[in-house]
2 protein chains.
Amino acid sequence: MRYPKEHKDQTRRRVLEVAAARFRKDGLDGVGVATLMGEAGLTHGGFYSHFPSKEALIEEVFASGMDASTLRPESAWDAEGIESFIERYLREAHREHPEKGCPAAALGSEIHRHSKGARAAFARKLEETVTKISGLLAEPDEDRARAIFSLLVGSMQLARAVPDRAESRRLLDAGKAAALALAKGK
Amino acid sequence: MRYPKEHKDQTRRRVLEVAAARFRKDGLDGVGVATLMGEAGLTHGGFYSHFPSKEALIEEVFASGMDASTLRPESAWDAEGIESFIERYLREAHREHPEKGCPAAALGSEIHRHSKGARAAFARKLEETVTKISGLLAEPDEDRARAIFSLLVGSMQLARAVPDRAESRRLLDAGKAAALALAKGK
DNA sequence: ATTATCTATAGATCTATAGATAATGC
DNA sequence: ATTATCTATAGATCTATAGATAATGC
């Protein structure tokens, strides 16, 4: 259609955005190419002129597609310190909206089944997160940061899995208290 | 076929066992009824005389199908104390064998998308685990136990997701140190 | 004339159902 | 005669491909 110069780039970005949300909401296996393209306002046939395969899309989503989300850990870096970071991560708004939230919490147990490219892209983002958490500590400690992030991811997943609201809250609160203890920790 | 009295029960148990392993290895969406039945030595058509649906099988697997696995947290209860429990959970053998390991680590981010029955069954097992971990602490504390378990689950998932072995080890070790700190922690 | 997108389709796979088959207890 | 399992199939859905269509820059 010889559309305006950057038309295809815009479409591509739109597909990435839709995929980033739907993958976190429904799982990497839980949503198909046709659904993603449909939500981007297109038909499924055009997908393969943008990406060579669904797995390639997954790799790109891990590499860059989930950066803009308002609930990602990174979006909390403007937090004043580690305390408010932890509180932002473990709040109920995050629990209710995996599609806008942390990729590790939304997809943690699925990632290891995917391509090395996808896992490497995830690992790069994880290291960024670890570095940033470390920087929020009184004295930087990347291993401490790894543990704090693991605790946040685990707490959020269990809080989402459990159907009872009271128990879900308890998991969030227990995670919060322990993460704070680790952050200040001796 | 009027097989020996308990033939059908045995088959049913076999299907549950196969499902418990394959679900943890490939994900709840990653393996189909035909594959499970095939691995149990049967054809797919007979599945529905044992379970009304795949989701019903998932519920049963969460309720009881994963109890016998050698790497489940519960299998480490003969551990002398909290330290050896933590070390057993976060060892590399567990990382390499999700199919025999902790259901929360293997399926954590998928559970919330399934039936209330499946989630409730998972929650019951989680509460058992929390109680048992609490009992291993110097003074029982269920919220502390929730946080410790969340940390173990998160650490294991991230260690599995990351492709680099050195980084994976670091995640396990960092989780171990922090879990021990939480366990002893003031 | 170019090319982003669409239409149509192939070939796998998935959950689920209906009715046939076959093996053993009566 | 009973019934656990098998065969065959329906109807969805999935990834991927090939070639047609249509909208705009030249």
Side-chain angles (χ1 to χ4, degrees), chain A residues 1-62 65 107 110 113-115 117-118, chain B residues 1-62 65 107 110 113-115 117-118:
Chain A
M1 299 185 189
R2 198 139 190 169
Y3 288 78
K5 222 152 150 285
E6 302 208 321
H7 186 104
K8 196 177 180 184
D9 269 10
Q10 279 170 28
T11 299
R12 187 192 160 84
R13 262 192 295 278
R14 195 147 27 93
V15 173
L16 269 168
E17 222 170 274
V18 167
R22 292 296 299 247
F23 282 153
R24 279 176 286 185
K25 182 165 176 273
D26 300 327
L28 298 169
D29 291 348
V31 61
V33 166
T35 304
L36 295 175
M37 292 298 275
E39 201 167 309
L42 301 163
T43 55
H44 63 287
F47 177 82
Y48 295 91
S49 75
H50 290 284
F51 305 95
S53 66
K54 185 186 178 186
E55 192 66 29
L57 169 66
I58 289 173
E59 293 182 17
E60 279 217 47
V61 164
F62 275 116
L107 301 167
E110 300 180 45
R113 292 193 297 270
H114 286 271
S115 68
Chain B
M1 298 186 189
R2 200 139 188 168
Y3 289 78
K5 222 157 150 280
E6 302 209 319
H7 186 104
K8 196 176 181 184
D9 269 9
Q10 280 170 28
T11 299
R12 185 191 162 83
R13 263 192 294 277
R14 195 146 27 92
V15 173
L16 269 168
E17 223 170 90
V18 166
R22 293 297 299 247
F23 282 154
R24 279 176 286 184
K25 182 165 177 273
D26 300 327
L28 300 170
D29 291 347
V31 63
V33 166
T35 303
L36 295 175
M37 292 298 276
E39 201 167 309
L42 301 164
T43 54
H44 63 286
F47 177 83
Y48 296 91
S49 77
H50 292 283
F51 306 95
S53 66
K54 185 186 178 186
E55 191 66 29
L57 170 65
I58 290 173
E59 292 181 17
E60 279 217 46
V61 165
F62 276 116
L107 301 167
E110 300 180 44
R113 293 193 295 269
H114 286 269
S115 69

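Numbered from 1 within each chain, the chains take letters A, B, ... in sequence-line order. Keep in mind it's a predicted model, so treat the numbers as computed, not measured.
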Please give me the minimum heavy-atom distance between [X] and [Y], naming the atom from each residue.
X	Y	value
A/V61	A/A20	CG1-CA, 3.9 Å
B/R22	B/L36	CB-CD2, 3.7 Å
B/L107	B/G27	CD2-CA, 4.1 Å
A/H50	A/G46	CD2-O, 3.6 Å

Inset, instruction - Go through the steps for A/F51 and A/V33 under the test side-chain contact (heavy atoms from CB on, under 4.5 Å), then give the verdict. - result: CA-CA 11 Å; A/F51 305 95; A/V33 166; over 6 Å; no

Which whole-number value in Å describes the distance from [X] [atom1] to [N] [atom2]?
X	N	atom1	atom2	answer
A/R14	C/dT5	CZ	C1'	11 Å
A/K54	D/dT13	NZ	C1'	11 Å
B/D26	C/dT13	CG	C1'	15 Å
B/L36	C/dC14	CG	C1'	12 Å
B/D29	D/dC14	CG	P	11 Å
A/Y48	C/dC6	OH	C1'	15 Å
A/M37	C/dA4	CE	P	12 Å
A/F47	D/dC14	CZ	P	13 Å

Legend entry - Footprint string (nucleotides 7-12 of chain C, 5' to 3'): B base within contact, S backbone only, - free, heavy atoms under 4.0 Å: BBB---

Inset, instruction - Walk me through it: do A/M37 and A/V15 pass the test side-chain contact (heavy atoms from CB on, under 4.5 Å)? - result: CA-CA 7 Å; A/M37 292 298 275; A/V15 173; 3.8 Å; yes

Legend entry - Toward the 5' end of DNA chain D, by each residue's nearest nucleotide, B/S49 or A/G32: B/S49

Inset, instruction - Run the salt-bridge test on A/R113 and B/E110 with the 4.0 Å N-O cut-off and return the result as yes or no. - result: yes

Legend entry - Per-nucleotide pairing state of DNA chain D [Watson-Crick or G-U, under 3.5 Å; [ ] pseudoknot-crossing; | other strand]: ||||||||||||||||||||||||..

Inset, instruction - Report, as yes or no, whether the 6.0 Å neighbourhood of atom CD on A/E39 holds more than 12 heavy atoms from other residues, nucleotides or ligands. - result: yes

Inset, instruction - Please state whether the phosphate of D/dT5, meaning OP1 or OP2, lies under 4.0 angstrom from any side-chain nitrogen or oxygen of B/H50. - result: yes

Inset, instruction - Return the nearest nucleotide to the side chain of B/T35; candidates are D/dT5, C/dT5, C/dC14. - result: C/dC14

Legend entry - Expected output: side-chain A/K54 to main-chain A/L28 donor-acceptor under 3.5 Å: yes

